[in-house]
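Bear in mind that the values here come from a model prediction, so they are computed numbers and not experimental data. Residues: numbered from 1 along the sequence shown.
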Amino acid sequence: MFLMFWLSSASVALGKNTLKINVSGLNAPLQTAVSNRLNTGALSYGKNITEEAIQDFYANAPETIRKALQPYGYFKSNIQSHISQTESTWTTSFQVDPGPPIRIGLLDVKILGPGKDNHALQNYLATKFPLKQGDVFQSERYNQAKDDLFQIAINKGYIKATLVKKEIQIDLKNYTAKIIIYLDTGPRYYFGTVTFNTTPFNQAFLHRFIHLDPNEPYSSAKLLELQKSLANSHFFKEVFITPDFNNASDYHVPLKVDVTVPKAKQYTLGVGYGTLTGMRFTAGFNWRRVNDRGHHVSTQIKASSILKGIATTYYIPGNDPLTEQYTLGANIQKYTPSNGQSFSETLSAGYTKNLKHWHRGITLSYLNSTDNVNQTLSAPTDSHRALLYPTLSLSHTKVDDLVYPRHGSSINLILQGTSQYLLSTTSFVQGIAKGKYIFSPTPKGRVILSGQLGYTVVNNVQKLPLPLLFVAGGYGTIRGYKPTLFGPGKYLEVASVEYQHEIHGNWNGAVFYDTGTASNNFGGPYHAGYGVGVIYRSIIGPISVYFSRAKDIPPGKEGVSVDFSFGADL
């Protein structure tokens with residue numbers, strides 16, 4: 001069986017006979033509606049359509065066309081039809097004049113019951129109701145109007161609302177439509193008591209997740225939003241919220257929340273390799289439940305030719321565990337970029353607040369660092385530096401998939417600094433901006449645009465600890481160069497464009513171009529790297545291999561560098 005649609009004609013091959021259907025005289029929406037209805041009718045005769053069936057289809061087609069036009073407000077259509085035969089091909093043609101559209105003559109919409117004066121319902125009728133007297137009647141708008149009205153009532157606590165009357169009366173004599181919609185809200189219901197099942201968390205902590213006022217109208221949409229928020233938090237694995245309508249008391253609906261929690265301990269591992277860096281490892285341990293009040297701790301160990309260190313963060317949930325938390329952190333690391341080395345210890349305390357896709361934070365850190373910087377900065381050997389400084393951060397992330405997004409964006413803004421009069425060896429102000437934008441121009445293609453910009457204001461760069469200076473080069477900044485080849489410096493400028501294309505299944509190929517620098521002079525000169533890559537989309541994230549070459553290093557001097565990464569970002 002073969003079926004093909006045109007804007008003005010269609011052909012249906014059924015068995016030995018072929019039926020062609022031509023429709024003209026209609027605009028695009030009406031043409032589509034009529035063509036779909038006629039072709040559905042033709043296919044209903046089965047795979048082997050007979051001449052008798054074709055004649056029957058032709059005889060019934062005008063009525064089929066009229067019914068297809070009526071939902072759009074056309075009740076006086078005029079149809080001229082013609083049929084012809086050439087061997088086994090039958091051609092039916094229909095010239096359609098839809099006639100004048102019928103208009104709404106009377107609109108009778110009423111809200112009845114205790115919620116008749118509800119602001120949301122009355123505001124919808126006054127400002128957003130899609131039907132108006134004198135408009136062309138369209139059944140789609142009529143259905144939207146009654147469905148929206150009903151849904152607003154349900155979400156405002158009128159869970160037993162009913163459409164007691166919903167009618168469309170067509171007066172062909174006066175050629176007008178009368179629409180009647182009566183909604184009886186019934187009594188208003190409210191959120192009742194909330195109970196949780198038994199979990200490793202204490203009940204007082206669990207109830208901090210619930211911000212439903214006992215006098216707040218019951219809303220299934222709000223419950224669904226709460227359920228999603230709880231399920232997306234790291235505290236719970238699965239969440240089910242069940243309203244108990246049968247035991248509602250004084251119009252208050254009790255809620256039962258059943259949650260399952262993930263395993264108390266989680267381990268992560270990342271492995272990478274680069275021809276210019278050697279092996280890279282990360283290992284992580286998360287203790288998700290230190291106590292029954294939601295405290296948790298995470299530890300991460302990193303080891304590479306550039307960075308070796310261990311960092312631990314202790315998390316304390318705030319008043320609303322879904323949106324706020326306090327942190328205490330400690331970090332010890334040995335940092336050896338191309339132009340120096342540093343051993344540092346950091347203690348920090350912070351507070352973070354989330355609002356939808358936005359993440360805000362403030363952290364106070366004490367950094368104690370012993371640095372040995374390359375003489376290009378004329379710095380003394382083994383200089384001791386100590387800073388007590390606050391950091392303000394603001395980030396926004398929105399993606400369609402956390403593991404392998406096809407559309408999304410992220411931005412991270414950081415502002416930090418201190419004064420030498422506040423337990424610090426120098427004064428500085430530093431701003432950092434990082435951004436990434438991902439879009440998919442084709443079903444199999446993905447473009448990744450990213451950039452980093454860092455700017456530091458400091459009187460004497462030699463007194464700034466090495467971990468606070470910028471470096472560039474290698475995976476994550478400018479591929480094709482030795483990691484941290486450029487810098488350390490006060491300024492960072494990096495940009496990258498990468499195109500990935502699906503080769504087969506979860507396998508993707510990539511081409512990229514990176515450019516930028518890190519130095520004490522803002523505005524270049526810039527360096528560039530380019531290359532290709534292969535990425536496999538696994539359930540734990542991308543497994544990638546990149547082959548890179550530095551643009552401004554003569555071919556053969558350092559050759560092509562290779563970077564492999566698996567698991568966590570290194």
Taking Tyr326 as the fixed residue, which of Tyr315, Tyr314, Tyr351 is the one that meets the ring pair (Phe, Tyr, Trp, His ring centres under 6.0 Å) rule?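 Going through Tyr315, Tyr314, Tyr351 one by one, the ring pair (Phe, Tyr, Trp, His ring centres under 6.0 Å) with Tyr326 is satisfied by Tyr351 alone.
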Between Leu413 and Leu392, is the side-chain contact (heavy atoms from CB on, under 4.5 Å) condition met? List the steps. CA-CA 8 Å; Leu413 304 175; Leu392 300 176; over 6 Å; no
Is there a donor-acceptor contact under 3.5 Å linking the side chains of [X] and [Y]?
X: Thr323; Y: Asn354; answer: no
X: Ser544; Y: Ser565; answer: yes
X: Arg479; Y: Ser548; answer: no
X: Glu225; Y: Ser229; answer: no
X: Thr391; Y: Gln416; answer: yes
X: Ser369; Y: Ser342; answer: yes

For [X], does the [atom1] atom have more than 12 heavy-atom neighbours from other residues, nucleotides or ligands under 6.0 Å away?
X: Lys308; atom1: NZ; value: yes
X: Lys398; atom1: NZ; value: no
X: Lys146; atom1: NZ; value: yes

Side chains of [X] and [Y], heavy atoms from C-beta outward: is any pair under 4.5 Å?
X: Thr515; Y: His527; answer: no
X: Ser219; Y: Lys156; answer: no
X: Arg446; Y: Pro405; answer: yes

Verify, without hydrogens or angle tests, whether [X] (side chain) and [Y] (backbone) share a donor-acceptor contact under 3.5 angstrom.
X: Ser440; Y: Thr442; answer: no
X: Thr127; Y: Tyr124; answer: no
X: Thr92; Y: Lys20; answer: yes
X: Asp400; Y: Arg406; answer: yes
X: Trp358; Y: Arg360; answer: no
X: Asn36; Y: Asn39; answer: no
X: Ser233; Y: Leu230; answer: yes
X: Asn412; Y: Ser410; answer: no
X: Glu324; Y: Asp320; answer: yes
X: Gln227; Y: Ile241; answer: yes

Kindly give the heavy-atom pair with the smallest separation between Asn155 and Ser220, and that separation in Å.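 So the two residues come closest at OD1-OG, 3.6 Å.
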Ala120 versus Ile152, closest heavy-atom pair with distance: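 Smallest heavy-atom distance, with atoms named: CB-CG2, 4.1 Å.
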Just to verify, which of His234, Arg288, Gln266, Arg289 counts as forming a side chain to side chain donor-acceptor pair (under 3.5 Å) with His296?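 For His296, the side chain to side chain donor-acceptor pair (under 3.5 Å) test succeeds with only one of His234, Arg288, Gln266, Arg289, which is His234.
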Looking at Phe240, Phe235, Phe236, which hits side-chain contact (heavy atoms from CB on, under 4.5 Å) with Val259?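 That would be Phe236; it is the only one of Phe240, Phe235, Phe236 passing the side-chain contact (heavy atoms from CB on, under 4.5 Å) with Val259.
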Determine the interplanar angle of the Tyr475 and Tyr546 rings, folded into 0 to 90°, and report it as parallel if under 30°, tilted if 30 to 60°, perpendicular if over 60°.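 Rings of Tyr475 and Tyr546: tilted, 30 to 60°.
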Please work out whether the ring planes of Trp507 and Tyr536 are parallel, tilted or perpendicular, with thresholds of 30° and 60°.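 Trp507 and Tyr536: tilted rings.
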Let me check something: any side-chain donor-acceptor pairs from residues 483-494 under 3.5 Å, sequence neighbours excluded? List them with distances.
| residue | atom | partner | partner atom | Å |
| --- | --- | --- | --- | --- |
| Thr484 | OG1 | Ser338 | N | 2.8 |
| Thr484 | OG1 | Ser338 | OG | 3.2 |
| Glu493 | OE1 | Tyr526 | OH | 2.6 |
| Glu493 | OE2 | Gly523 | N | 3.0 |

Ring centroid separation for Tyr530 and Tyr513, is it under 6.0 angstrom?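 Judged by ring-centre distance (under 6.0 Å), Tyr530 and Tyr513 do not meet the cut-off.
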Looking at Phe512 versus Tyr499, is the centre-to-centre ring distance below 6.0 Å?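 Centroid distance Phe512-Tyr499: not below 6.0 Å, so no.
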From [X] atom [atom1] to [Y] atom [atom2], the distance as rounded to the nearest 0.5 Å:
X: Leu394; Y: Ile411; atom1: CG; atom2: CD1; result: 8.0 Å
X: Asn331; Y: Thr346; atom1: CG; atom2: OG1; result: 5.0 Å
X: Tyr437; Y: Leu449; atom1: OH; atom2: CG; result: 8.0 Å

Please walk me through it: do Phe522 and Tyr455 pass ring pair (Phe, Tyr, Trp, His ring centres under 6.0 Å)? CA-CA 8 Å; Phe522 190 78; Tyr455 197 95; 5.4 Å; yes
Walk me through it: do Asp514 and Lys551 pass the test salt bridge (charged side-chain N to carboxylate O under 4.0 Å, His left out)? CA-CA 10 Å; Asp514 301 337; Lys551 184 178 180 181; over 6 Å; no
Report the C-alpha separation of Ser348 and Thr363 in whole Å, then their side-chain angles, then the decisive distance to 0.1 Å, and conclude whether the side chain to side chain donor-acceptor pair (under 3.5 Å) test is met. CA-CA 7 Å; Ser348 63; Thr363 304; over 6 Å; no
